[in-house]
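As a basis for the values below, the full set of heavy atoms in this structure was taken, side chains included, without hydrogen atoms, waters or symmetry mates. Nothing here was measured: the structure is a model prediction, and the numbers come from that model. Naming: A, B, ... by sequence-line order, numbering from 1 per chain.
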Number of protein chains: 2
Amino acid sequence: MARPRQSEATRQRLLDEGVTAFLEHGYHGTGLKAVLDEVNVPKGSFYNYFESKEDFAAAAIRHYADCFADSMQQAMDSSPDPLSGLRSFFKTLMADFEAAGYVGGCLIANLGGELEGSDTCRRALATAFRGWRDSVTDALRQGQELGQVRTDIEAGDLADLLTEAWEGAVIRMKIDRSLAPLHRVLDRLLGDYFQA
Amino acid sequence: MARPRQSEATRQRLLDEGVTAFLEHGYHGTGLKAVLDEVNVPKGSFYNYFESKEDFAAAAIRHYADCFADSMQQAMDSSPDPLSGLRSFFKTLMADFEAAGYVGGCLIANLGGELEGSDTCRRALATAFRGWRDSVTDALRQGQELGQVRTDIEAGDLADLLTEAWEGAVIRMKIDRSLAPLHRVLDRLLGDYFQA
DNA sequence: GATAACAAGACGACCGGTCGTATATATCAG
DNA sequence: CTGATATATACGACCGGTCGTCTTGTTATC
């Protein structure tokens, strides 16, 4: 053929930095130059990796969703039961939020609030949210089978409520600069409403 | 002393249009020129009304919160009891969302996800959210006194959960272009968990 | 040499913000 | 009262800078 790609790693570095930047400044608030400078990729090279900023953002959303799923899977694998796995996962998220000084939050919620024009990104966000919701559903269903979680409400319904309430609490966490909303929503739902 | 303001109404029109624009395109996605053109205010006049774009956004947030509070008060006043007032309020919100084609959503959530740099706006958002949460608290407390709402959980705690879950559901509504998440969260919380 | 990835910098549009000036009113001297 | 003056507002041209994108040429591999 011809000159081979320098490396797939460059694309990954761009995506990593893209997730960080989009998290912190949103879509329109993020300039490609800032991302490119951060990972030392020349501006002229950007379009060798992505078709457009919109395409880049959609790829970043998918990348974020993949990392999110991995992180949750890891928490589930290293916990004795699904419910404590879920709590452990949320705990690591909270630790990350605190460490980051409450900036960032959840990419899905941040971009979801901002991206009206792009159907590409909207679809990526929908897939990402749905994937996470389904993972939570699985965990809750296992909790139901083990008698940890009430069975009179379908696991999917519980997962919808938990994930959506969590997203809302993350928004409020950012606004109030406090983890309290996150603790509250977990205590109220996992610790009370969802109990068998 | 000097030439009188063309009218306070101009400022209001700017704020109305600002709320619309920020709702649809976010903070960084909204250009002042677009807002100004929409209400036929020259560029140079903008800074007679607001110190900066940031100041404008904070004012828009407060304006939005005021309209929100009025709308809720109206729903409460024209309902026989606080719980159905709450439901009526959410119903009008949903009708607005549907009419707008699921663009927009909630200004507090949209800007909350995006505005990391501005403490001014963050504080305005915190005040706005808190105000709404307190209104919901009042309604739920009245519901408790009337025996409509369970009393073993404090009204404030219920309001926190309801408002945050609602915000998360609005995010998901925008992503999925469907009112279903909103209906679900109301049925699950108001229709079940909150029941006396 | 053929081919394809990489990169430099140009491009025009647009950004938030500023400037000088025109305009209209309030004040006050007479 | 009249009319000069001070002053806050209205206004649009314009500022430097940044935006996402594209054209063009270079470089490395076959």
Side-chain angles (χ1 to χ4, degrees), chain A residues 1-15 17-61 111 114-122 124, chain B residues 1-15 17-22 24-61 111 114-121 124:
Chain A
M1 295 273 283
R3 183 174 179 173
R5 276 211 179 271
Q6 184 170 334
S7 121
E8 173 66 16
T10 300
R11 195 187 144 95
Q12 290 299 313
R13 282 191 298 127
L14 282 170
L15 286 177
E17 184 59 31
V19 167
T20 304
F22 285 134
L23 259 176
E24 198 155 339
H25 305 110
Y27 179 79
H28 291 105
T30 295
L32 293 180
K33 187 176 189 312
V35 175
L36 291 161
D37 286 353
E38 198 67 33
V39 295
N40 286 312
V41 171
K43 193 175 183 187
S45 297
F46 177 78
Y47 288 86
N48 295 319
Y49 297 98
F50 303 98
E51 280 186 9
S52 64
K53 185 185 184 182
E54 182 184 2
D55 176 53
F56 178 52
I61 292 164
L111 295 189
E114 188 182 0
L115 285 173
E116 295 298 345
S118 165
D119 239 48
T120 306
C121 289
R122 210 203 79 239
Chain B
M1 283 284 280
R3 181 174 178 173
R5 271 191 198 268
Q6 186 168 343
S7 87
E8 174 65 19
T10 300
R11 193 186 148 95
Q12 290 299 314
R13 283 191 297 127
L14 281 170
L15 285 177
E17 184 58 32
V19 167
T20 303
F22 285 135
E24 197 155 339
H25 305 110
Y27 179 80
H28 291 105
T30 297
L32 293 181
K33 189 172 187 317
V35 175
L36 292 162
D37 286 353
E38 198 66 33
V39 295
N40 286 311
V41 171
K43 185 69 175 292
S45 297
F46 176 79
Y47 291 89
N48 292 324
Y49 294 98
F50 304 98
E51 280 187 8
S52 63
K53 184 186 183 182
E54 182 185 3
D55 177 52
F56 177 53
I61 291 165
L111 295 189
E114 189 182 359
L115 285 172
E116 295 298 345
S118 164
D119 240 48
T120 305
C121 289

Assess whether one donor atom and one acceptor atom, taken from the side chain of A:N48 and the base of C:dA5, lie less than 3.5 Å apart.
no
Tell me whether the side-chain N or O atoms of B:K43 pair up with the base of C:dG17 as donor and acceptor below 3.5 Å, since no angle test is needed here.
yes
Between B:F46 (CZ) and C:dC15 (P), how many Å, whole number?
13 Å
Tell me whether B:Q12 at atom CD has more than 12 heavy atoms from other residues, nucleotides or ligands lying less than 6.0 Å away.
yes
Show, in sequence, the C-alpha distance, side-chain angles and deciding distance for B:V35 and B:F46, and conclude whether the side-chain contact (heavy atoms from CB on, under 4.5 Å) test is met.
CA-CA 10 Å; B:V35 175; B:F46 176 79; over 6 Å; no
What heavy-atom pair brings B:L14 and B:V39 nearest, and what distance separates the two atoms?
CD2-CG2, 3.5 Å
Using atom NE2 of A:H28 as one end and atom P of D:dC19 as the other, report the distance to the nearest whole Å.
13 Å
Minimum-distance pair of heavy atoms, taken over all atoms of B:A57 and B:C121
CB-SG, 3.9 Å
For A:G29 and A:E51, find the nucleotide of DNA chain D closest to each by heavy atoms; which residue's nucleotide sits nearer the 5' end?
A:G29
According to a strict under-4.0 Å criterion, is A:Y47 in side-chain N/O contact with OP1 or OP2 of D:dG20?
no
Measure from the side chain of B:K33, starting at C-beta and using heavy atoms only, and say which of C:dC6, C:dC15, D:dG20 lies closest.
C:dC15
Describe the nucleic acid contact of A:T10 in one word from base, sugar-phosphate, nothing, applying a heavy-atom distance below 4.0 Å.
nothing
When the distance from CZ of B:F50 to P of D:dA10 is rounded to whole Å, what number comes out?
12 Å
B:D37 CG - C:dC14 C1' separation (whole Å)
13 Å
Using a heavy-atom cut-off of under 4.0 Å over every strand shown, decide if A:K53 touches base, sugar-phosphate, or nothing.
sugar-phosphate
Specify the separation, in whole Å, of atom CG of B:D55 and atom P of C:dG17.
10 Å
Nearest whole angstrom, please: distance from the C1' of D:dC11 to the CG of B:N40.
13 Å
Taking 4.0 Å as the cut-off, does a side-chain nitrogen or oxygen of B:S45 come that near to OP1 or OP2 on D:dA10?
no
Check: A:E114 side chain, A:Y27 main-chain N or O, donor-acceptor pair, under 3.5 Å
yes
Rounding to a whole Å, what distance do you find between B:F56:CZ and C:dC15:C1'?
15 Å
Calculate the interatomic distance between A:L36 atom CG and C:dG9 atom C1'; express it in whole Å.
14 Å
